Protein chains: 2
Amino acid sequence: MVMQDILARRLSNFAPLEGDEAALLARLSAERPRRVPARADIAREGDPTQVLRIILSGWACRYRTLEDGRRQILGILLPGDTCDLNNDVLEEMDHSIGSLTPLHYAELPHERLARWLDDKPRLARAFWWHMMTTISIQREWTLNLSRNAFERIGNLFCELFFRLRAVGLNQGNKIEFPVTQIEIGEATGLTPVHVNRTLQDMRSEGLIILKDRVLEIPDIQALERAILYSPAYLHLGRRRPRPPESALLGQGAGGG
Amino acid sequence: MVMQDILARRLSNFAPLEGDEAALLARLSAERPRRVPARADIAREGDPTQVLRIILSGWACRYRTLEDGRRQILGILLPGDTCDLNNDVLEEMDHSIGSLTPLHYAELPHERLARWLDDKPRLARAFWWHMMTTISIQREWTLNLSRNAFERIGNLFCELFFRLRAVGLNQGNKIEFPVTQIEIGEATGLTPVHVNRTLQDMRSEGLIILKDRVLEIPDIQALERAILYSPAYLHLGRRRPRPPESALLGQGAGGG
DNA sequence: CGTGCAATTGATCCATTTCAAGGGCCGTGG
DNA sequence: CCACGGCCCTTGAAATGGATCAATTGCACG
């Protein structure tokens, strides 16, 4: 996977890009990518929102910490995702963004984004689509309130599998899964202990194979059925999965 | 409360409107408001998204129903809120919208919205702000995953109190609260039975008085403290509460 | 070779669910 | 005017999913 390629892949999920658009995105990605170690904050609650950050490689998450220390992960950011589409309307971050793995990101100054949105209607629409699906995913996460542990974790797995596949970051039924059980718990509102036991249930039902930071879903439809999953909210349309890439696994989730 | 006024009130929460903007909104609101009875669907999952709907009076909610019948309320829509800012990027609704009370809404065709967004930068920014706070509220709801019953319900109360106060739909410490305990349960992921018992706890601690569809919060700061609430995510800034209105209570939540 | 973090296991506790039933209120129809 | 049904709220008792507390293992890394 070429890092410069990821943004175009992500945005072309909505509609194919044309002309110099992909090149534009590639140039942005190459400019001066920032590097961040695992478990570091990229942005913090209360920070001013000036630039648009775009994940080029690695995983991150949105999160909030309550006064008593509880941490809730609000969403996962994958390569190609933007941290904020705030468009400088809101003055400060109301949540934090932290890396889960080592990662790279690009920074897009607001002026340049504004110019793109004016000059490149197709790009503008792609960004809109990106934002709308982000909201949609956020709504899906609140559905977890009426789901049990098994369904919550299964939904997380399915969401990440489909999102990664949409940008070609899968290898057949397998994806990199660099998230600890503690973090799964923080994302789903469950105790690490209970996450562990639920994972064992899923394994014993043959629904997942999760080992050495690789998640394999032998029969995705079986998993979907078991947790009442329907991927409509991802708005990936009837687009087929991306063609297989050169070796994705084993090169480290962070890619750097 | 003049119904035609509500949209301007809502959007001016971000920055004061100027010139003919308020009049524009008032005209839209007056044009041909649609009327909907309580507990009816305004839009359904799978529907095409063509128009922008704006609540003028009454309460509605976003919701999704799982295959086995569980219903999760994803958010509450109050007067001045828009049902969709989809901007026709997504083809179909991935959730439903239903009325909680009898209500009125206005329909804004996409062409007219597009013209406004082009011609009235202040309005455009106000719509942006509206969308960003909507996302922010959605994130706050997923925080409920790490909250217990008491905190979930308390957060719902605080959110609705502050949102209504921001558009002047409060009366001191009181707001209309036309939501059944069943619906509170659907919004928080709790059983009606447990909602009932939790409400009794909140009452016995003197934090709320909920009776006859009116919610009174005698000491909002005490409630905030009890549930670790912080209203930053509403992005209402340091704006003071709206001046008191003429009698709001007792004229029916639907306002029509 | 220790140190630290992730995964695992066991035992107990508790918040919330489930099941079941009764009471109050309100609109409707006889 | 009263009886009836329906909906919402309330209460009790029992069941359970998930939390809590505590300890062990395995592994990567300096």
Side-chain angles (χ1 to χ4, degrees), chain A residues 37-40 59 66 68-73 98-102 144-154 156 176-204 208-215 226-227 250 252-254, chain B residues 37-40 59 66 68-73 99-102 144-154 156 177-204 208-215 226-227 252-253:
Chain A
R39 282 136 218 263
W59 291 28
L66 295 179
D68 62 2
R70 277 173 288 177
R71 174 167 113 139
Q72 174 69 45
I73 291 180
S99 61
L100 294 169
T101 69
N144 275 346
L145 287 167
S146 50
R147 293 191 180 116
N148 62 25
F150 196 99
E151 295 165 332
R152 289 183 194 184
I153 296 174
L156 182 64
E176 283 279 349
F177 201 83
V179 175
T180 67
Q181 295 183 4
I182 294 173
E183 289 158 343
I184 295 177
E186 290 172 336
T188 52
L190 300 166
T191 302
V193 174
H194 198 57
V195 169
N196 183 286
R197 288 177 175 137
T198 306
L199 287 177
Q200 293 177 41
D201 290 346
M202 301 182 86
R203 286 196 189 99
S204 74
I208 61 161
I209 301 164
L210 177 57
K211 200 166 171 287
D212 296 331
R213 323 219 114 192
V214 172
L215 171 66
I227 61 172
Chain B
R39 280 135 220 263
W59 291 28
L66 295 178
D68 61 2
R70 277 174 287 177
R71 173 166 113 138
Q72 173 70 46
I73 291 180
S99 62
L100 294 169
T101 68
N144 276 346
L145 287 167
S146 50
R147 293 192 180 116
N148 62 25
F150 197 99
E151 294 166 331
R152 289 184 194 183
I153 296 174
L156 181 66
F177 201 84
V179 176
T180 68
Q181 295 183 3
I182 294 173
E183 288 157 344
I184 294 177
E186 290 172 336
T188 51
L190 299 166
T191 305
V193 174
H194 197 55
V195 169
N196 184 285
R197 289 177 175 137
T198 306
L199 287 177
Q200 293 177 40
D201 291 346
M202 300 180 86
R203 286 195 189 98
S204 73
I208 61 160
I209 300 164
L210 177 56
K211 199 165 172 287
D212 298 330
R213 322 219 116 191
V214 172
L215 171 67
I227 61 172

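Here the structure is a predicted model, which means the values were calculated and not measured. Here is the naming used below: chain letters follow the sequence lines, and residue numbers restart at 1 for every chain.
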(request) Take atom CD1 of I184(B) and atom P of dT10(D), then tell me their distance rounded to the nearest Å. (result) 10 Å

(request) Could you tell me the separation between the CG atom of D201(A) and the P atom of dG17(D), rounded to a whole number of Å? (result) 11 Å

(message) What's G189(B) touching, base or sugar-phosphate or nothing? Going by heavy atoms closer than 4.0 Å.
(response) sugar-phosphate

Using a cutoff of under 3.5 Å, can you pull out all pairs of nitrogen or oxygen atoms linking the protein to nucleotides 4-8 of chain C, with atom names and distances?
unit_1	atom_1	unit_2	atom_2	d
dA6(C)	OP1	R39(A)	NH1	3.2
dA7(C)	OP2	Q181(A)	N	2.7
dT8(C)	OP2	Q181(A)	NE2	2.7
dT8(C)	OP2	N196(A)	ND2	2.7
dT8(C)	O5'	N196(A)	ND2	3.1

(request) Take the protein atom CZ of R147(B) and the nucleotide atom P of dA19(D), then report the distance between them rounded to whole Å. (result) 16 Å

(request) Among I153(B), N196(B), I184(B), N144(B), find the residue that satisfies the side chain to side chain contact (heavy atoms under 4.5 Å, CB included) test when tested with L190(B). (result) I153(B)

(message) If I take atom CG in residue L190(B) and atom C1' in nucleotide dG17(D), what distance separates them, rounded to the nearest angstrom?
(response) 14 Å

(request) For S146(A) and L66(B), work out which heavy atoms get closest and say how close. (result) OG-CD1, 4.5 Å

(message) What is the distance, to the nearest angstrom, from the CZ atom on F177(B) to the P atom on dC9(D)?
(response) 11 Å

(request) Using whole Å, report how far CG of L100(B) lies from P of dC8(D). (result) 12 Å

(message) To the nearest 0.5 Å, what is the distance between CD1 on I208(B) and CZ on R203(B)?
(response) 5.5 Å

(request) Quantify the bending of the helix from dC1(C)-dG30(D) to dA21(C)-dT10(D) as the angle between its end axes, each fitted on five pairs, to 10°. (result) 40°

(request) Provide, to the nearest angstrom, the distance between the NE2 atom belonging to H194(A) and the C1' atom belonging to dA11(C). (result) 16 Å

(message) I'd like to know whether M202(B) forms a side chain to side chain contact (heavy atoms under 4.5 Å, CB included) with L210(B), so could you lay out the CA-CA distance, the side-chain angles of the two residues, the decisive distance to 0.1 Å, and finally the verdict.
(response) CA-CA 10 Å; M202(B) 300 180 86; L210(B) 177 56; over 6 Å; no

(request) Measure the distance from CG on D212(B) to C1' on dC25(C) and round it to the nearest whole Å. (result) 11 Å

(request) Can you check whether any acceptor in the base of dG17(D) is under 3.5 Å from a donor in the side chain of R197(A), or vice versa? (result) no

(request) Report yes or no: does N148(B) contribute a side-chain atom to a donor-acceptor pair with the main-chain N or O of F150(B) at less than 3.5 Å? (result) yes

(message) How long is the straight-line distance from CG of D201(A) back to NE2 of H194(A), given to the nearest 0.5 Å?
(response) 8.0 Å

(request) Identify, with sequence neighbours excluded, every residue that meets salt bridge (charged side-chain N to carboxylate O under 4.0 Å, His left out) alongside R39(A). (result) E183(A)

(request) Could you tell me the separation between the CD atom of Q181(B) and the OG1 atom of T188(B), rounded to the nearest 0.5 Å? (result) 11.0 Å

(request) Drop me the distance from Q72(A)'s CD to R147(B)'s CZ, to the nearest 0.5 angstrom. (result) 9.0 Å

